[in-house]
Number of protein chains: 2
Amino acid sequence: MKPRPSAPAPYHHGDLRRALIAAALALVTEEQDWTFSLREVARRAGVSQSAPYNHFADKRDLLAAVAVAGFHQLRDGLVAAVTGLDDTPDAFAACLRTYVRLGMRNPALYRLMFGPELTESKGAKRPREVAEAGGEAKSILERIIRDGATSGVFAVPTGPNGQPLALATFIAWSAVHGLTMLVIDKLTGELVPVQRAIEAAIAVQLDGVRGGARAASTRQRGAAASAVERDG
Amino acid sequence: MKPRPSAPAPYHHGDLRRALIAAALALVTEEQDWTFSLREVARRAGVSQSAPYNHFADKRDLLAAVAVAGFHQLRDGLVAAVTGLDDTPDAFAACLRTYVRLGMRNPALYRLMFGPELTESKGAKRPREVAEAGGEAKSILERIIRDGATSGVFAVPTGPNGQPLALATFIAWSAVHGLTMLVIDKLTGELVPVQRAIEAAIAVQLDGVRGGARAASTRQRGAAASAVERDG
DNA sequence: ACCTGAACACCGTTCAAGT
DNA sequence: ACCTGAACACCGTTCAAGT
């Protein structure tokens with residue numbers, strides 16, 4: 001069978017772009033950073049050093065595609081963790097847990113997604129696709145908080161103005177983000193059971209969205225104190 | 001006046017080590033990252049490309065010295081912010097605010113201090129002096145929480161076992177760390193008044209250490225809800 | 001003891017040239 | 001349209017040689 005010139009049968013194996021993203025993601029995962037060279041990525045994909053420039057403007061652009069892949073993993077993980085959970089507080093906690101878990105499973109990927117490399121800085125804007133994929137993941141958390149607010153489980157005012165909801169989401173998100181960063185950056189110190197610390201931090205945030213009153217009436221001292229007590 | 005050969009009058013201007021640290025810190029601050037070359041640092045200090053190797057093992061080692069300088073800034077800032085405050089909750093809030101403020105003033109320096117560059121990874125351990133300087137800053141926050149615990153303002157169990165205290169510190173620290181990271185990485189989205197968001201997040205953490213009961217009795221719904229309400 | 005200059009083995013990116 | 005190979009202007013780090 002001859003090759004059919006009518007189907008141009010692209011030079012490489014059909015989709016060098018995808019192959020490069022896969023190679024870069026593998027390198028991020030193996031080496032736990034992105035200091036590897038673009039030439040190394042090309043080598044892995046079996047092409048010349050300059051071939052990637054047919055598909056990406058520069059190294060940063062390739063890394064952006066990797067980050068998008070990471071956000072899709074996160075989105076899928078969040079959806080999987082949340083579906084089937086009727087209780088909103090449970091869904092909220094599951095959501096936070098998923099963030100931390102992705103970070104622990106692949107710290108470098110997590111850092112790439114949320115870190116300064118692809119963030120607005122030095123004149124370069126955050127790549128559009130990265131911002132979009134990131135927004136998707138954030139919106140899942142936001143939806144859960146809105147659900148809790150409308151059902152009255154969470155003490156977050158609802159209404160036409162989205163600010164309170166955005167603020168509540170931001171607070172919870174920043175807490176879980178910091179938690180993840182400290183854990184993956186090994187800054188937990190002598191905290192022996194990291195998993196317990198994670199649960200305690202999540203409990204504090206849950207209290208935060210619930211408002212103190214409910215938590216106090218059922219437990220007298222709030223989630224933080226109880227969690228702390230359990231571990232003492 | 002002749003140079004006195006008895007006082008060896010070191011080659012350069014006396015303290016190249018310090019000059020290199022200063023140049024590197026200036027570059028981190030100006031360029032807001034540490035992708036500048038070691039050769040550039042040497043150029044700024046007016047020495048040859050290889051001169052730095054007389055004082056630092058490699059580029060990472062120089063960056064470690066910069067991070068130590070950053071932690072000293074943080075420590076001084078924390079001490080200044082806290083002294084004169086009798087009220088422990090006020091001191092706690094002032095402490096968290098200082099973290100965020102340093103991050104906002106010099107994002108790259110903050111990232112260098114807490115980020116993966118100088119963290120245990122790829123076989124390289126966190127440099128001892130960095131770990132020490134970082135521990136100093138953390139211990140200030142820890143002391144405040146202990147003060148609150150012994151005086152009964154905070155609902156953190158005290159006792160011979162330091163775990164609950166370490167855990168409470170870790171939770172508050174991780175929240176403020178995530179807050180700072182999201183703010184400096186420009187991931188706050190459409191949150192117009194970032195300063196308000198910061199205050200709200202701090203309030204949630206304050207509730208966390210206080211335990212929900214006290215907060216609820218004075219404000220009915222906890223700090224998060226009230227802060228959210230103010231901004232609605 | 002501290003510094004220089006040349007050298008090695010790399011980079012990211014560009015660009016003419018090929019198919 | 002997509003890829004190669006050579007080239008440019010850099011790196012971090014080492015090392016003999018100088019003072």
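Letters go in sequence order (proteins before strands), and every chain restarts at 1. Just so we're clear, the structure is a prediction, and the values are computed from it rather than from any experiment.
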Atom [atom1] of [X] to atom [atom2] of [N]: distance rounded to whole Å?
| X | N | atom1 | atom2 | result |
| --- | --- | --- | --- | --- |
| A:Arg39 | C:dC10 | CZ | P | 10 Å |
| A:Asp58 | C:dG12 | CG | P | 11 Å |
| B:Glu40 | D:dC11 | CD | P | 7 Å |
| A:Leu38 | C:dC11 | CG | C1' | 10 Å |
| A:Arg60 | C:dT13 | CZ | C1' | 16 Å |
| A:Phe56 | C:dG12 | CZ | P | 15 Å |
| A:Asp61 | C:dT13 | CG | P | 10 Å |
| A:Trp34 | C:dG12 | CH2 | C1' | 18 Å |

Pair B:Glu142 + B:Arg146: basic N to acidic O under 4.0 Å | no
Can you tell me if [X] touches the phosphate of [N], counting only side-chain N or O atoms and a distance under 4.0 Å to OP1 or OP2?
| X | N | value |
| --- | --- | --- |
| A:Arg17 | D:dC3 | no |
| B:His55 | C:dA1 | no |
| B:Arg43 | D:dC11 | yes |
| A:Ser50 | D:dC3 | no |

Proximal nucleotide (of [options]) relative to the [X] side chain:
| X | options | result |
| --- | --- | --- |
| A:Gln49 | D:dA6, C:dC3, D:dT13 | D:dA6 |
| B:Tyr53 | D:dT14, D:dC3, C:dT4 | D:dT14 |
| A:Ser37 | D:dC3, D:dA7, C:dG12 | C:dG12 |
| A:Asn54 | C:dA6, D:dC3, C:dG12 | D:dC3 |

Look through every strand shown and name the nucleotide pairing with C:dG18 as Watson-Crick or G-U wobble, where both distances are under 3.5 Å.
-> D:dC2
Sort out the partner of D:dC8 for me: Watson-Crick or G-U wobble, both distances under 3.5 Å, none otherwise.
-> C:dG12
Quick one: label A:Ser48 by what it contacts on the DNA or RNA (base, sugar-phosphate, nothing), any heavy atom closer than 4.0 Å.
-> base
Below 4.5 Å, heavy atoms only, C-beta onward: do B:Leu179 and B:Gln205 meet side chain to side chain?
-> no
For this output row, return yes or no: ring centroids of B:His177 and B:Phe170 closer than 6.0 angstrom.
-> no
Atom CZ of B:Arg60 and atom CD of B:Glu117: how far apart are they, to the nearest 0.5 Å?
-> 7.0 Å
Can A:Arg43 and A:Glu40 be said to form a salt bridge (charged side-chain N to carboxylate O under 4.0 Å, His left out), step by step?
-> CA-CA 5 Å; A:Arg43 257 173 249 135; A:Glu40 171 70 17; 2.6 Å; yes
